[in-house]
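Reviewing the structure listed below.
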Amino acid sequence: MSPRTASTRLRKRRIPLRAAAAAACATFVLAACGSTEDSVASGDEGGEGKVGVILPLLTSPFWQSYNDYVPKMAKSEDVDALKTVNSNSDPSQQITDINNQLNQGVKGLVVAPLDSAAISAGLDQAERKGVPVVAVDVAPEKGKVAMVVRANNVSYGEKACEYLGKQIPSGKVVQIMGDLASVNGRDRSEAFRSCVKKNYPNLKVLEIPAKWESDTAASKLDTLLNANPDIKGIYMQAGGVYLAPTLQTLKSKGMLKKAGEKGHISIVSNDGIPQEYDAIRKGQIDATVSQPADLYAKYGMYYIKAAMQGKTFKPGPTDHDSEIVKLPSGILEDQLPAPLVTKENVDDPKLWGNTVG
């Protein structure tokens, strides 16, 4: 999500595990297939030990939901996870949190990085101690991780662009951006910007760098609307922190019109939290991209257990409707599904946002 949380095309193919594929995997024990039915590199079924889980923040409903999923998914994956640690939106504190967990003797770490570059200091410490790390939501720019568990953030921006582009023939649209120190903020911003330029040249993009901060988003949106009262669309890169301030700002200016009403501003969000679904049902916003908080927790636990057991993976389709890709840095990333949610499918019981309070 990710705020700070928090974009390579996501192939939604499900490849069943066949006997022939399994035989091929067995031939290459040290480079297991993309499927989660992989074998142990060393033949050791160990991998026991405490696992530390470090959150970026807890002020967003998205990360609150992820936090709630962690102990449930740890139990289902048979991982001995410690109580989560909240870095409170502070990249320096996150490095301290990593060191504290390492000093407690954890055998694995699941970390949602706040800063794509700064996290390398913590990753280096973990590597020196021989402790594997799985990164969730944000891919580090450098440093060693066993896997990145993330959805395609480029796709987030493109989906928002395509939706607004089809709703609005011409005019001004705003993207309320995340922190550009995070690869998530950069991927979503550039993807949206590039897609509009390429496919919808009659739209003009105005940008608000909000750094995943609610107050910053509200203040800058208010100023922008004063100068541009003819805004026709908004893309919020993180509904968890931007939804409430955006709706309140529009309401205070008499600009919060329901979908179908004259003057309605088309809004696409990003996260898939219950509050966004309620706003879609009410006609306040039009769509959101569901960032899979439940799967982030599930596969964060799955991959750290696999890493502690010495399992390795290689690029390719998985058995859970995603694909493992190799990033330019050489790191592997499991890109999980992130569907667009509109009024047509907002009540789908399979969406994680419909399964939490």
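All values below were derived from every heavy atom in this structure, side-chain atoms included, with hydrogens, water molecules and symmetry-related copies excluded.
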Stepwise side chain to side chain donor-acceptor pair (under 3.5 Å) check, Thr288 with Tyr163
CA-CA 10 Å; Thr288 187; Tyr163 186 89; over 6 Å; no
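Listed for the Ser219 side chain is no donor-acceptor partner under 3.5 Å among the backbone atoms of Thr216. A donor-acceptor contact shorter than 3.5 Å is absent between the side chain of Ser116 and the backbone of Pro140. Judged purely by atom type and a 3.5 angstrom limit, Lys50 has no side-chain atom pairing as donor or acceptor with the backbone of Leu82. The backbone N or O of Ile95 lies less than 3.5 Å from no partner atom in the side chain of Asn100, so there is not a single donor-acceptor pair.
Asp222 and Thr249 share no side-chain donor-acceptor pair at under 3.5 Å. Using modelled atom types, one finds a donor on one side chain and an acceptor on the other under 3.5 Å when comparing Tyr303 with Asp334. A donor-acceptor contact closer than 3.5 angstrom links the side chains of Tyr235 and Asn270. In this model, a donor atom of one side chain and an acceptor atom of the other lie less than 3.5 Å apart for Asn86 and Asn88. Under 3.5 Å, the side chains of Asn184 and Asp137 contain a donor-acceptor pair of N or O atoms. A donor atom on one side chain and an acceptor atom on the other are not found under 3.5 Å apart for Asp97 and Gln101. With no hydrogens or angles considered, a side-chain donor-acceptor pair links Gln175 and Glu207 at under 3.5 Å. Between the side chains of Tyr156 and Gln237, no donor-acceptor pair is found at a separation under 3.5 Å. Under 3.5 Å, the side chains of Ser269 and Glu276 contain a donor-acceptor pair of N or O atoms.
A salt bridge does not link Asp286 to Lys343: none of the charged side-chain nitrogens sits closer than 4.0 Å to a carboxylate oxygen. Taking the charged nitrogens against the carboxylate oxygens, Lys107 and Asp80 have no contact shorter than 4.0 Å, which rules out a salt bridge. Here Glu141 pairs with Arg186 in a salt bridge; the nearest charged N to carboxylate O distance falls below 4.0 Å. Here Glu77 does not pair with Lys305 in a salt bridge; the nearest charged N to carboxylate O distance is not below 4.0 Å. Note on Arg193 versus Glu190: salt bridge recorded, some NZ/NE/NH1/NH2 to OD/OE distance being below 4.0 Å. Checked for salt-bridge contact, Lys172 and Asp230 meet the test: a charged N lies under 4.0 Å from a carboxylate O.
One hydrophobic cluster holds both Leu295 and Val356 under the rule that ILVMFWY side chains link at heavy-atom gaps under 4.5 Å. The hydrophobic cluster containing Leu180 does not contain Ile119, counting ILVMFWY residues as joined when their side-chain heavy atoms lie under 4.5 angstrom apart, directly or transitively. Criterion: ILVMFWY side-chain heavy atoms under 4.5 Å apart, direct or through other members. Under it, Leu224 and Met177 are not part of a common hydrophobic cluster.
One finds the CG atom of Leu109 at 11.0 Å from the NZ atom of Lys129 (value rounded to the nearest 0.5 Å). Atom OG of Ser60 sits about 8.5 Å away from atom CD of Gln275, to the nearest 0.5 Å. Here the straight-line distance linking atom CG of Leu57 with atom CD of Gln94 works out to 9.5 Å at 0.5 Å rounding. A distance of 14.0 Å separates NZ in Lys220 from CG in Leu225, rounded to the nearest 0.5 Å. Asp294 contributes atom CG, which lies 13.0 Å from atom NZ of Lys350 (distance to the nearest 0.5 angstrom).
At a threshold of 4.5 Å between non-hydrogen side-chain atoms, the residues Met301 and Val70 count as touching.
Nearest heavy-atom pair, Ala112 versus Trp63, reported as atom, atom and distance to 0.1 Å: CB-CH2, 3.6 Å. Summarising the geometry of Ala217 relative to Tyr242, their closest heavy-atom pair is CB-CD2, 3.6 Å, with the distance given to 0.1 Å. Of all the heavy atoms in Asn202 and Pro169, the pair that sits closest is CB-O, 3.4 Å. The two residues Ser290 and Val341 come nearest to each other via the heavy atoms CB-CG2, 4.0 Å. Gly240 approaches Pro61 most closely through the heavy-atom pair O-CD, 3.1 Å. When all heavy atoms of Val138 and Ser182 are compared, the closest pair comes out as CG2-OG, 3.9 Å.
The residue from Thr223, Val174, Ile234, Thr246 that alone fulfils the side chain to side chain contact (heavy atoms under 4.5 Å, CB included) condition with Ile208 is Val174.
Surrounding NZ of Lys253 are more than 12 heavy atoms belonging to other residues, nucleotides or ligands, all under 6.0 Å away.
Ring geometry for Phe62 against Trp352 counts as perpendicular: the plane angle is over 60°, on a 0 to 90° scale with 30° as the lower cut.
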